[in-house]
Amino acid sequence: MPNIRHTRFLELERIAVCGLGLIGGSILKALREAGFKGHVTGFDVDGATCDAVLAQGFANEIASSPDGLFLDHDLVVLCQPVGTLLEWLAHNKMQMAAGHAVCIDVASVKAPVVEALRAWPHHAAARFVPCHPIAGKASHGWEASEGDLFQGKLCVLTPDAHTAQGAFDLASDFWRALGASTTTMAAPEHDAVYAAVSHLPQVLSYAYLHSLASREGTGAWMAYRGTGFQSFARLGSSDAQLWADIAIHNAQPLIEEIDRISDSLALFRQYVHNRKFRELATAFSSARNFHAKSGPMDAGFTPTA
């Protein structure tokens, strides 16, 4: 494993950000707010987004290809969906191996990323730090990006055994400079946790709305909806392609959570069907007590998605 010196984020000369949607765009804006004075290169497959980023001055240049970024930059931030990221890792691993850049990603599923890195030469994998900033929004794209998106948020790092300490330290320093706190988890643990606290709630929201959409006449019911509907269905406005990508790549942990929630729903159905008021109220109280113990969203070191 190479001995990668820990270079602080603000001391870097060249940073590249690939994928300029919500997260990548917010990183570009946060770099400016954090006082980064070095050269910033952007890359995105959408030409209009690239034009906007360049015209608004959030990047010094737009790369025509990602291939040279790993040779010419100190830090490369990959902000693609999981499936696209895995394709990029396979296609660009030799360029990454030949370069000197430390690389980080922002994918919401980590085990497939770590597994892909294990097929790399050790000296290349040592410079890659898998990351997941917990800072999503229902809206997406460059227009939705915000310079303070990471302020007060959590970023989970899932380093592999081959990850160099200097690369890990740089990744941690990067996210902290952008306003986030950091923690470390093993990739399988990360995927199990976020299947439960992020991916399942999203799937449940889609499932509920899918159920309504598949029935005739429910559109007229929306005139009577209240805050309960708004709160529960809020996630339904999220990017469908992005979440399908996340669900497929975190399939087994998510399936396990779907099975667990199905068991709870079946139990509740049984109580309702048999008019078991006491049992149903006890089950609801257990859920309410867990909710109370979980605390408010901004209370301390609580992972959120």
Side-chain angles (χ1 to χ4, degrees), residues 81-83 107-115 132 134-138 154 156 158 183 185-218 221-222 224-305:
V82 188
S108 300
V109 184
K110 305 308 332 171
V113 176
V114 170
E115 183 178 348
H132 179 200
I134 316 303
K137 293 168 52 178
L154 176 69
V156 182
T158 64
T183 190
M185 299 173 73
E189 179 187 9
H190 167 280
D191 291 357
V193 167
Y194 282 96
V197 303
S198 174
H199 307 166
L200 180 66
Q202 182 70 54
V203 169
L204 284 175
S205 184
Y206 281 144
Y208 169 64
L209 293 168
H210 181 270
S211 174
L212 289 177
S214 63
R215 298 155 61 186
E216 292 186 5
T218 52
W221 299 357
M222 296 300 100
Y224 306 101
R225 66 187 184 273
T227 56
F229 176 91
Q230 294 295 104
S231 297
F232 185 79
R234 176 183 63 86
L235 295 175
S237 64
S238 301
D239 186 332
Q241 298 290 326
L242 174 65
W243 276 103
D245 179 76
I246 291 171
I248 292 299
H249 285 94
N250 202 26
Q252 191 54 46
L254 181 56
I255 288 170
E256 292 174 5
E257 293 304 323
I258 291 173
D259 289 344
R260 289 188 182 97
I261 197 69
S262 297
D263 290 343
S264 291
L265 287 172
L267 181 64
F268 288 4
R269 184 189 188 284
Q270 176 185 335
Y271 290 158
V272 171
H273 178 75
N274 295 321
R275 308 299 193 267
K276 297 288 188 179
F277 173 85
R278 186 187 304 272
E279 290 84 348
L280 187 62
T282 299
F284 285 179
S285 294
S286 175
R288 185 175 184 273
N289 291 338
F290 181 84
H291 181 272
K293 290 178 181 178
S294 67
M297 296 288 280
D298 59 350
F301 193 66
T302 303
T304 57

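Along the sequence shown, residues carry numbers from 1.
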According to the ring pair (Phe, Tyr, Trp, His ring centres under 6.0 Å) rule, which pairs have a member within residues 246-281, sequence neighbours left out? Phe268-Phe284
Check: Tyr206 side chain, Ser238 main-chain N or O, donor-acceptor pair, under 3.5 Å: yes
Pairs meeting criterion salt bridge (Lys or Arg N to Asp or Glu O under 4.0 Å) with involvement of residues 264-288, two or more places apart: none
With sequence neighbours left out, the residues meeting side-chain contact (heavy atoms from CB on, under 4.5 Å) with Glu115 are none
So does Leu212 have more than 12 non-hydrogen atoms from other groups sitting under 6.0 Å from CG? yes
What residues form a side-chain hydrogen bond (donor to acceptor under 3.5 Å, both in side chains) with Gln230, not counting sequence neighbours? Arg225
Partner residues of Ser237 under the side-chain contact (heavy atoms from CB on, under 4.5 Å) criterion, sequence neighbours left out: Ala138
Reported NE2-to-CZ distance for the pair His210 and Arg215, which is rounded to 0.5 angstrom: 12.5 Å
Interatomic distance, CG@Leu280 vs CD@Gln270, rounded to 0.5 Å, equals 11.0 Å
Go through the structure and list residues passing side-chain contact (heavy atoms from CB on, under 4.5 Å) with Ala111, not counting sequence neighbours. Ala187, Asp191
Quick one: which residue pairs count as a salt bridge (Lys or Arg N to Asp or Glu O under 4.0 Å) with a foot in residues 241-265, not counting sequence neighbours? Glu257-Arg260
With sequence neighbours left out, the residues meeting side-chain hydrogen bond (donor to acceptor under 3.5 Å, both in side chains) with Ser264 are none
With sequence neighbours excluded, residues passing side-chain contact (heavy atoms from CB on, under 4.5 Å) with Ala233: Leu209, Phe229
Enter the distance from Ile258:CD1 to Leu204:CG here, rounded to the nearest 0.5 Å. 8.0 Å
Checking Ser231 side chain against Gly228 main chain: does a donor-acceptor pair fall under 3.5 Å? no
CG on Asn250 to OG on Ser108, rounded to 0.5 Å: 9.5 Å
So do Pro253 and Tyr194 actually touch side chain to side chain, heavy atoms under 4.5 Å? no
Residue set satisfying ring-ring contact (aromatic ring centres under 6.0 Å, His included) with His199, at least two apart, ordered chain then number -> Trp243
